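The structure presented is a predicted model; accordingly, all values stated were derived computationally and were not measured. Ligands are counted one by one from 1 in listed order, and the atoms in each one are counted from 1 as well.
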Amino acid sequence: MAHVVVVGGGPAGSAFAITAARCGHDVVLYDDGRRLRSWPGESLPAGGGELAASVFGAAILDGHRRAYGTAAAWGSSELVTHDYMGHWAGNGWILDRARFDEKARALAAESGVTVVSERVTSMPEGADWVVDASGRAGALLSRLGVSRVACDDQVALIGIVADGGGEHVTTVETVREGWWYTTPLADGRRVVALVTDSDLVGADRLATWMASLAETTYIRPLAGDVSTVDVGAYPSGTAYRERMVGDGWLAVGDAAVCFDPLSSQGLVTGIVMAARAATMLGGDLDAWEADYREVLDEHLAVRDEYLRAETRWPDSAFWARRLNPPG
Ligand SMILES: Cc1cc2nc3c(=O)[nH]c(=O)nc-3n(C[C@H](O)[C@H](O)[C@H](O)COP(=O)(O)OP(=O)(O)OC[C@H]3O[C@@H](n4cnc5c(N)ncnc54)[C@H](O)[C@@H]3O)c2cc1C
């Protein structure tokens, strides 16, 4: 039995902790609660609910909304609906992230994990394994000197507004300098987000958001009154760590690999790969890391294919970078 300290109680950290505890390890999970102040609208793709439930149990999906498809105007001005009805993997889910993360930590506690509501500010001592599950910032990896490789410098400008109506699906639409998504929330509001490159956001990010929203055909009518919206900026680039495993440490979830939000892949992959790592503690974690890199390579190949399918603005900075990547 190993003594394991997990830093970060998001989906990946909780998945790791709960699985390691079930394997008989002595696990302490620290979370500072800061992520809950972040945006609430995230979704699991078709089949993602079953994968999350395979780690946490079916109760993890209680109180979340089933999603029956997506709609996208990508590569053309036509809105194409992708219906999950009849999809071999079943429906997707629109999550309330605060609820999801709190439930995951509660389930970890029920499984014997010691859950501590505290921010970790230095390298934990006395553990056989320290797991960095602190998200994109990779709090411990930076201390260990493990570098981060950024594939782009994307940012999401996110506003939460009253729902203007429409189907209960995530809608995506490309514009000249990026792409939009909007997802309805359970409380009658909607996440309305522009994904673009950080250097394309002007000094006034609200003005950038508003001007780009006015360019959309399908997103604007779904957003209700935007006159008092507060727009936050969240890093959303694809990135990975040069190493994910070392002597007595490993990284899981966004601390290891950040996927493009276009894929809605971050949560499920983080959960599944973290749970897998927990079953391999003391075993061949290099093989686990190799598998993770394969998942990343596949993600990058599919992402690039999608991005290159949008050819309407070859002279815009955002799309030119994706159509003609450097090197
Ligand atoms: C704009 C945007 C939209 C997205 N949409 C989707 C989507 O629709 N579907 C999807 O699957 N994915 C989506 N993602 C990706 C998804 O948010 C991440 O993949 C996921 O949150 C990663 O989970 P995690 O557990 O690795 O990290 P996080 O969720 O970031 O959790 C890390 C936890 O660690 C805590 N923490 C951090 N530092 C410390 C510390 N020092 N001490 C203690 N605790 C600490 C934080 O408070 C947090 O609770 C999106 C990402 C972005 C940027």
Hey, does Phe259 sit under 4.0 Å from ligand 1 if you only count heavy atoms? no
Which is closest to atom 16 (C) of ligand 1 by heavy-atom distance: Arg119, Gln265, Glu42? Glu42
Compute whether any side-chain donor of one residue and acceptor of the other, for Thr170 and Thr183, lie under 3.5 angstrom apart. yes
Output the list of atoms in ligand 1 that are nearer than 4.0 Å to some heavy atom of Val7, sorted by atom number. 40 (C), 42 (N)
Is it true that the side chains of Thr196 and Glu177 contain a donor and an acceptor less than 3.5 Å apart? no
Which of the numbered atoms in ligand 1 are under 4.0 angstrom from any heavy atom belonging to Pro235? 53 (C)
Between Val268, Val120, Thr269, Val252, flag the one that comes closest to atom 42 (N) of ligand 1 by a heavy atom. Val120
By number and element, which atoms of ligand 1 are closer than 4.0 Å to a non-hydrogen atom of Ala156? 1 (C)
Ring geometry between Tyr292 and Trp288 (parallel below 30°, tilted from 30 to 60°, perpendicular above 60°): perpendicular
Side-chain contact, heavy-atom cut-off 4.5 Å: Ser117 with Arg105? no
Does ligand 1 have any atom that is closer than 4.0 Å to a heavy atom of Pro11? yes
Which of the atoms of ligand 1 are close to Tyr181, meaning less than 4.0 Å from one of its heavy atoms? 1 (C), 2 (C), 3 (C)
Quick check: does Asp254 get an N/O under 3.5 Å from an N/O on ligand 1? yes
Which atoms of ligand 1 are found less than 4.0 Å from any heavy atom of Ala133? 32 (C), 33 (C), 34 (O)
Can you tell which of Arg220, Glu173, Arg190 makes a side chain to side chain donor-acceptor pair (under 3.5 Å) with Thr182? Arg190
Under 4.0 Å from a heavy atom of Pro261: give me the atoms of ligand 1 that qualify, with their elements. 2 (C), 3 (C), 4 (C)
Side-chain ion pair, Asp152 and Arg321, N-O less than 4.0 Å: no
Using a 4.0 Å cut-off to any heavy atom of Glu118, which atoms of ligand 1 qualify? 43 (C)
With atoms numbered from 1 as shown, which atoms in ligand 1 lie under 4.0 angstrom from a non-hydrogen atom of Arg97? 17 (O), 20 (C), 21 (O), 29 (O)
Within 45° cone and under 6.0 Å: Arg322 NZ/CZ vs Phe318 ring: yes
Side chain Arg99, main chain Asp62, donor-acceptor under 3.5 Å: yes
Does ligand 1 have an atom under 4.0 Å from some heavy atom of Ser43? yes
Crowding at CZ, Arg276 (>12 non-hydrogen neighbours, <6.0 Å): no
